[in-house]
Every structure is written in C-alpha cells, then in structure tokens.
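Before any comments, here is the structure.
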Amino acid sequence: MSNPIRILVAVGLAATAMAPACASDPAPIPVHRTKMAVTPTDEQVAAQFDARMKDYLVLHRRIEDSLPKLPKDATPEQLDKNQRHLGELIKAERAGAKQGEFFSPGMQTLVKRTMDGVLAGPDGKTIKASIMDENPGVPNLSVNDRYPDAIPLSTMPPQVLDHLPKLDEDIEYRFIGKRLALIDAHAHIIIDFTDNVLP
Amino acid sequence: MPLRRLASLLMVAVLGACTARGGAGPTAGPAQVDAPKSPTEGVVPLPNAKGSLKFVVLGDFGNAARGEYDLASRMARFHQDYKFDLVVLVGDNLYGSERPQDFKQKFEVPYKPLLDAGVKFYGALGNHDAREQRFYKLFNMDGKLYYSMKAPNEKVRFFMLDSTYPVPEQIAWLEKELHDTNEDWKIAVFHHPLYSSGGRHGSDLKLREILEPLFVKYNVSVAFTGHDHFYERVKPQHGIVHFVVGSGGQLAIGDIDKRSTITAKGFDTDNVFLAVEIAGDTMTFNAVSSSGTIVDSGTIERRKQPGDAP
C-alpha cells in the first residue's frame, strides 16, 4: 500500500476516533483496524466497516445509557428486562436497517477472501470443524432478528478472530451455519450477516 | 467387613505414598497422578481434612431435566459430609431460553440447598450460555467474560476462561495473569476441552495450540473443562491433568471413544460431579455419580518450578 493512502486512512480513523470525545461521550469508542486489508481498496473497505461499527456503538451506548445500568450482581429479571428493552430500542432506531450495511459488497469479498485464506491452510479442515461444531444454522435470518434462543453460539477459533477486524466487547462475530453474523451480544440481536462465508 | 477394611487400608497406603512422593524435592516435571481402582461403592468423601480447600466441578448441567436434579440432590447430600465452599462451573450453565423462570428451573431450584448453605458458584461460559450471564449475581463473574480468582484458602488460583470467543486480548490477559500471579496451584477452567475422547466433539485442537503453551510455560497443573457430555480424566499431557466434566445434565452415553489412548478414566453412563480437595501440594479428587458411586478418584501433585520449596 502506498504511503499517502496509509496516511489518509490513518487521519480519517483518527478523526473518527476523536468524534465521540467532541460530543462529550463519557466512554470513548475505540476504532479498530483490520489486519486483512492488503490493498488500498481493502483499506477503504475496512475503514468504512470500522466507521459504521463505530456509529453503531455510539447508538448502542446512547440507548444503553438511557436504561437503568445493569449491576454486576443482577437478578434474572434485571438481565431479561435490560436485554429485551435494549434490543427493542435498537431495533426501533434501526427499523430500516438492511442486510449489507456493515458487510458491504466489498467487505463481503474481503471477509470471504480472508476466510478462504484461513481455511486453505493445513489446519483448514480442523478450523472449519470447530466452527461447525453444534452450529446447525437457521433457514431464514434477518437483520434485527433476535439471536435464536435455541441455537448455541458457534465457537470462534482464535485463528479466525485474529484475522477479522477487532470489535468492541458488546459486539461479536458468530457463524450461523455458513453465514457470518455480527451479533449485539448485549441486546441479543443480529446487526448484519453475510452468506456463504464457509465453503 | 474384612474385605472393605482391607480396601480402605490399601487406599490409605496409596494416598500416603502419593503424598510422600510430593516431598521428593523441587521438580519442574509433570503433575503426578495416582488413581485407585474404581468404581468404589458408597460415598467416602476424600480426605476431608480441616483447613483444606474443598470445591466441586460441575458442567453442562442447566437443562432442568431429571438428570440434573438427581445430581444436584446428590451434591447437596454430599455437602452434608464434605463442606465444599465453592462450585466452579465449566459452562453450558443454561440450555435454551434464559428467561427468569429458566434461571429458576435450571439453576436456582435444583441447587437451592447448596445456595442456602452459602456455597458460591463461579461461572465460565459455554456455547449455550448467553453472554449476559456474566452479570448474574449467583455466577459471581463480576460482569467479566473471563477472570481469575484466588481461592479462599490454600495457595490456589482459578483462571476462568471464555473458550467460545478467545479474542487475542483474552489470550494476552491470560498470559499476563499467569505471569503475574504466584499461587502454587494454577487451575484453568473453561468449556471446550483441549483433550477429550468424545466422539461428538472431542479435543479442540485449535484452542489447544493457543492455550497449552501458556499452561505449560506458567505451570498450570490442572484444567477442568466440559462440552462433551460425560466424565473423563485424561492421562497427563505435557505435565498437565485435564478433566472433562460435562456430565451434569444431558448425558452422551457411549460417546467416549473406547479406542482412545489418552483416557485415564472415562464414565458416561450416569451424571457425575467432581469433588476436589487441595491441601498443600496435593489435590485429591472423587468423581461422584448420581447414584452415589465414586467412579474415579486419585491424587495429583502440583507441578513445581525450580526454586519451589520442597
């Protein structure tokens, strides 16, 4: 990658990172950069993903902060109420959200290429087996769906997490069948997903 | 009965020999394991020594089915004779939905006698567990997906890991935590087994690549895991003793691969919890089934580093 593009991306990310501080957000939203970008186009795609994720986190935290804080010694009633309430409010704010807002066509290509690379190695079969362990998938999935209660969370091998863009603690990648989904782990909702990431 | 008495004497002799072996001097070698023949009829709770650390390991339990309730009753009865202070959970604490009534039926009701007696449960998360369980007060996770905790007595530290989502930050945290803590016993607790003879799941090889070098380097002696729905004690691997205790609820009868060369003891025909006692350099364990049979037992000497006191 050429130096000017690298500098441009870095300046853009730095500016994005400063935005919440300017808006007097109490907790700064970290901006992460992906390892998987290898070309300037990849860099742009990844920066766009990171920026959208940051916007989502701003939304998530704003709504979360409007709810009673979940104590570290919560009752099941508090857990359930907080999680469902947060989920409903986020869904309402993102009522028009569509698949592909985070996993844009460029990001889908980047993710697929990254996973192909991870799975092409000598351990590919083992990694895929680990992901597919207790991962039956669901026939239909939509953005803003609640993560299905009856479906276990897929195991994410460290070798996969190491290659995907880093996320805030409240957001996770999970495979649902062969789809890669972005999950709001606190609100139990699907933020976005991309199909057929696994062969 | 003379035969039973003879067996008891033999057991005492074996345990004594193991304890003596622990005093042989500092070694950086493997944890030493010795297991008397099993099963042993009737519940004979461990050495049950005054001042020792007593705890129970439980996994893959929260399905509100009869198996879970029967085992929970056995644990409560066991607690009457063996006053364990804590229960460490290896994950899959609640299956299916996690509404308030699920917390009750799948956890609070079956373990009520223990909770009422002041026994504290410490959670690790499995692949069936919602991440919000970390805020549930009775799992004592302090809002953390992974954490370490010092045992109330003896020089013991538990490293409670999140094996479903091992982000690089967690691995970095683990290495720092293992490096910075100096308890004699370092015990790892997490859901996916690094070693298991399960046909359905088996060993998690990719997780093993990441965790095992740290465990070896920083002197972890024992790993408690679950995921496979049976009880297995694995032969020491790189000096570390691995247990699979996914036997707290739905069982996978016949799932242990009988051809496996890593099994030291496997049991998959009844629900099991693992009772553990640590006194000094020695850990004693009894795997107890719902029927009250001790299906596996033995002692483990902790791994030692050069410079440890003999």
Side-chain angles (χ1 to χ4, degrees), chain A residues 30 32 35 69-84 86-87 118 121 123-135 146-164 166-174 183-188, chain B residues 60 91-92 94-108 125-147 162-172 174 191-192 198 200-211 227-228:
Chain A
H32 307 299
K35 285 183 185 181
K69 189 171 167 53
L70 193 60
K72 289 177 180 176
D73 57 349
T75 64
E77 288 76 13
Q78 286 172 310
L79 289 172
D80 191 57
K81 190 175 171 186
N82 182 283
Q83 170 213 112
R84 286 176 192 274
L86 179 64
V118 170
D123 296 335
K125 203 173 163 186
T126 312
I127 290 173
K128 188 179 173 193
S130 183
I131 292 168
M132 295 309 290
D133 176 33
E134 282 200 84
N135 175 16
R146 180 177 165 79
Y147 186 89
D149 286 333
I151 303 292
L153 294 164
S154 69
T155 300
M156 296 297 293
Q159 294 80 0
V160 172
L161 289 171
D162 201 31
H163 282 83
L164 293 171
K166 189 180 165 191
L167 301 174
D168 185 82
E169 191 178 81
D170 282 326
I171 316 296
E172 293 182 349
Y173 298 104
R174 295 289 180 174
I183 311 290
D184 187 321
H186 186 171
H188 283 238
Chain B
D60 302 72
D92 282 2
L94 297 169
Y95 287 93
S97 63
E98 300 194 8
R99 301 299 297 252
Q101 59 268 35
D102 295 304
F103 279 84
K104 287 195 169 47
Q105 291 161 3
K106 297 169 186 173
F107 179 67
E108 293 175 7
L125 299 183
N127 56 315
H128 285 264
D129 297 317
R131 320 293 277 163
E132 298 308 278
Q133 283 184 25
R134 66 188 150 137
F135 293 103
Y136 176 43
K137 72 175 170 185
L138 296 181
F139 287 165
N140 292 292
M141 297 173 73
D142 198 30
K144 294 172 185 152
L145 292 167
Y146 49 89
Y147 58 101
D162 171 19
S163 62
T164 78
Y165 207 75
V167 284
E169 294 75 22
Q170 180 183 180
I171 306 304
L174 175 63
H191 190 61
H192 294 83
R200 187 165 180 226
H201 300 302
S203 307
D204 191 321
L205 302 177
K206 303 315 293 176
L207 193 64
R208 186 197 293 175
E209 266 179 31
I210 303 291
L211 293 183
H227 199 42
D228 273 315

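Order of the sequence lines fixes the chain letters, A, B, ..., with proteins taken first and strands second; residue numbering starts at 1 for each chain.
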Which one of A/Gln83, A/His186, A/Glu77 has the most heavy-atom pairs closer than 4.5 Å to chain B?
A/His186

So what's closer than 4.5 Å to chain B heavy atoms on [X]: side chain, backbone, both or neither?
X	value
A/Tyr173	both
A/Asp170	side chain
A/Pro148	neither
A/Gln159	side chain
A/Ile127	both

Return the minimal non-hydrogen interatomic distance between [X] and [Y], and the atom names on each side.
X	Y	value
A/Ala185	B/Arg131	CB-CG, 3.8 Å
B/Gly202	B/Asp228	N-OD2, 3.0 Å
B/Asp162	B/Tyr146	N-CB, 4.0 Å
A/His188	B/Ala130	CE1-CB, 3.4 Å
B/Gln133	B/Asp129	NE2-OD1, 3.0 Å

So which of [options] has the largest heavy-atom pair count under 4.5 angstrom toward chain A?
options	answer
B/Tyr136, B/Phe107, B/Phe139	B/Tyr136
B/Glu209, B/His201, B/Glu132	B/Glu132
B/Glu98, B/Arg134, B/Met141	B/Arg134

Short side-chain donor-acceptor distance under 3.5 Å, B/Asn127 and A/Glu134
yes

Regarding B/Arg99 and A/Asp149, does a basic nitrogen lie under 4.0 Å from an acidic carboxylate oxygen?
no

How about B/His128 and B/Tyr95: are their ring centroids closer than 6.0 Å?
yes

May I ask you to decide if the ring planes of B/His227 and B/His192 are parallel, tilted or perpendicular, using 30° and 60° as cut-offs?
tilted

Using non-hydrogen atoms and a 4.5 Å limit, figure out which bit of [X] sits close to chain A: side chain, backbone, both or neither.
X	value
B/Lys144	neither
B/Leu138	neither
B/Glu169	side chain
B/Asp142	both

